[in-house]
Number of protein chains: 2
Amino acid sequence: MNQSSAPCLTQECGDCPIRHRAVCARCEPDELQLLDEIKYYRTYEAGSHIIWAGDRMDFVGSVVSGIATLTQTMEDGRTQMVGLLLPSDFVGRPGRDGAAYDVTATTDVVMCCFRKKPFEQLMVRTPHVAHRLLEMTLDELDAAREWMLLLGRKTAREKIASFLSIIARRDASLNLRAAKGALVFDLPLTREAMADYLGLTLETVSRQISALRKDGVIELEGKRHVIVPDFDRLLEEAGDDSDGGMLA
Amino acid sequence: MNQSSAPCLTQECGDCPIRHRAVCARCEPDELQLLDEIKYYRTYEAGSHIIWAGDRMDFVGSVVSGIATLTQTMEDGRTQMVGLLLPSDFVGRPGRDGAAYDVTATTDVVMCCFRKKPFEQLMVRTPHVAHRLLEMTLDELDAAREWMLLLGRKTAREKIASFLSIIARRDASLNLRAAKGALVFDLPLTREAMADYLGLTLETVSRQISALRKDGVIELEGKRHVIVPDFDRLLEEAGDDSDGGMLA
DNA sequence: GCACGTATTTGACGTAGATCAAGCAAGAAT
DNA sequence: ATTCTTGCTTGATCTACGTCAAATACGTGC
């Protein structure tokens, strides 16, 4: 995940990666101009909170580099991750005033933000953007529902395998790697954060990763660097009934 | 939940309840006219499938009466509910061709449908509708994320209490009941369907309902009719940290 | 090199909830 | 009336995962 200062996440983009990734692939030049005018960058240190649940949120935007998480916490400290934000992912809820979840930078994060009010005004005028937002929200809803199946019905081993395949897939689409042969990627989260993602404890996460390694489903170099010799095997372990259109 | 043939879900509505509940509270008369032209009703028998995951879906619409569920099923039969559709709830994914989940009528269901193509064309012309759709999708996303906390981190007892409070809340807002005093409602699902909602087995659901009854948190008349003498007590049991704006 | 803090692994043990297996209640069919 | 069916409850076990605790690995600064 060493995107560090990656200025560009796709071949075709200009200086701001989100222009088409997250917000608008089909905007007219004058619309892009408007977007540029209300755009600014912010950086957050690893471990810092970008927003607290309930805070007034005066921007929307997307992640340029680094990793952030959306989490919910109960009074007694139990926490569940409900969103994982990798580079190019969108943050914010047009039309909503407050943040619904804690947003935390788990690595150093660069965000590309738009002031919310003018962004919403732009939305009204440009159906492109409104349409794209709906599409993105539907994608997130689909992801949330897959996630619900994982949380509600999968075993610990299946959860880990699912997580690895999700990360591998996102990593591959992000980096346009050669899709043949072994998949190689770095885990973007600590064992504890993975546990919060999967509804497990960090010990169980660690044990299941060890088990998958022992069984030859994955190889590990260090703690974070993962090699998947056979992606189909991993998908089997995940209990997924489709290959998910890796190359779609 | 005996809405049976309820022609109207709010005080102000006309013959089609979804006009403002689900699609548009602020449409102009000519826009409503257009909606009327592409509108039709369908009924489904209890237990029948409205759509299978992967099927081409040529309509969007909303539930007029009855109860339907969205579910995902793994190859070995484990199933997880990912959506519960009560009267006034919207179904369908504008801009998507296929259904992503199985949609099943758990009681007799009446749906008010719009043909998808013309509905999407209407969306382009009427920002009201597009905006309302985004809002509804964001609501669903919020619900999904609450649900994820429930599935990932709550105990069986908390899951049941959460479910009861969700149903009580929805029922109250649907029926505009007196909010003071004991809450009274019917469970819209079998124990098995509740189990699929909560990521439990039906036996555990049954046991925990019995336990809540024994502890005086709820009373039962028959199997489905529930009385909640103290809603705050129920919310405590659910592990929720807010009252959720019952009367908001 | 050495002390210190954080991330991770591994082990021993306990428990919440699953599984397997009977019963029971109430409506529908004969 | 009596059998069936479907939904629900309850009991007896089993086990996957959580909990508690200790050891190891990997920096990072001195």
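Here is how names work: the chains are called A, B, and so on, in the same order as the sequence lines, proteins then strands, and each is numbered from 1.
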Original post:
Can you list the steps and then say if A:Phe185 with A:Leu164 is a side-chain contact (heavy atoms from CB on, under 4.5 Å)?
Top reply: CA-CA 9 Å; A:Phe185 58 93; A:Leu164 293 175; 4.2 Å; yes
**OP:** Could you check which of C:dG17, C:dT10, C:dT19 has an atom nearest any side-chain atom of B:Thr201?
**Re:** C:dT19
**OP:** Specify the separation, in whole Å, of atom CG of B:Leu202 and atom P of C:dA21.
**Re:** 15 Å
**OP:** By nearest nucleotide on DNA chain D, pick out whichever of A:Gly222 and A:Arg207 is the more 5' one.
**Re:** A:Arg207
Subject >> Polar side-chain contact A:Glu203-D:dC20 base: donor and acceptor under 3.5 Å >> reply: yes
**OP:** Take atom CD of B:Gln208 and atom C1' of D:dG11, then tell me their distance rounded to the nearest Å.
**Re:** 15 Å
**OP:** Return the value, rounded to whole Å, for the distance between atom CG of A:Asp196 and atom C1' of D:dC17.
**Re:** 16 Å
Subject >> Rounded interatomic separation in angstrom, taking CZ from A:Arg157 and C1' from D:dG18 >> reply: 19 Å
Original post:
Want to settle it: does A:Leu200 or B:Thr190 sit nearer the 5' end of DNA chain D, counting the closest nucleotide to each?
Top reply: B:Thr190
**OP:** Just call it for B:Gly199: base, sugar-phosphate, or nothing, with non-hydrogen atoms closer than 4.0 Å on any strand.
**Re:** sugar-phosphate
**OP:** Specify the residue among A:Thr204 and B:Val205 whose closest nucleotide of DNA chain C lies further upstream toward the 5′ end.
**Re:** A:Thr204
**OP:** Could you check how far NE2 of A:His225 sits from P of C:dT8, rounded to whole Å?
**Re:** 16 Å
Subject >> B:Arg145: which of A:Gln80, A:Gln72, A:Glu140 passes side-chain hydrogen bond (donor to acceptor under 3.5 Å, both in side chains) >> reply: A:Glu140
Original post:
Has B:Arg191 got a side-chain N or O lying under 4.0 Å from the OP1 or OP2 atom of D:dT6?
Top reply: no
Original post:
Can you find a side chain N or O atom of A:Ser210 that sits less than 4.0 Å from OP1 or OP2 on C:dT10?
Top reply: yes
Original post:
What class does the angle between the rings of A:Tyr40 and A:Phe59 fall in, given that below 30° is parallel, 30 to 60° is tilted and above 60° is perpendicular?
Top reply: perpendicular
Original post:
Base, sugar-phosphate, or nothing: which does B:Arg224 touch, judged by heavy atoms less than 4.0 Å apart?
Top reply: sugar-phosphate
Subject >> Minimum heavy-atom distance B:Leu212-B:Ala161, with the two atoms named >> reply: CD1-N, 4.3 Å
Original post:
Does OP1 or OP2 of C:dT9 have a side-chain N or O of A:Arg213 closer than 4.0 Å?
Top reply: no
**OP:** Please state how far atom CG in A:Leu189 lies from atom P in C:dT6, giving the value in whole angstrom units.
**Re:** 19 Å
**OP:** Give the rounded distance in Å between these two atoms: NZ of B:Lys154 and C1' of C:dG17.
**Re:** 18 Å
Subject >> Listed nucleotide nearest any side-chain atom of A:Lys223, set C:dG17, D:dT9, C:dT9 >> reply: C:dT9
Subject >> Interatomic distance where CD1 belongs to A:Ile209 and P belongs to C:dT10 [whole Å] >> reply: 11 Å
Subject >> Sole residue of A:Val205, A:Leu150, A:Leu187 in side-chain contact (heavy atoms from CB on, under 4.5 Å) with A:Phe163 >> reply: A:Leu187
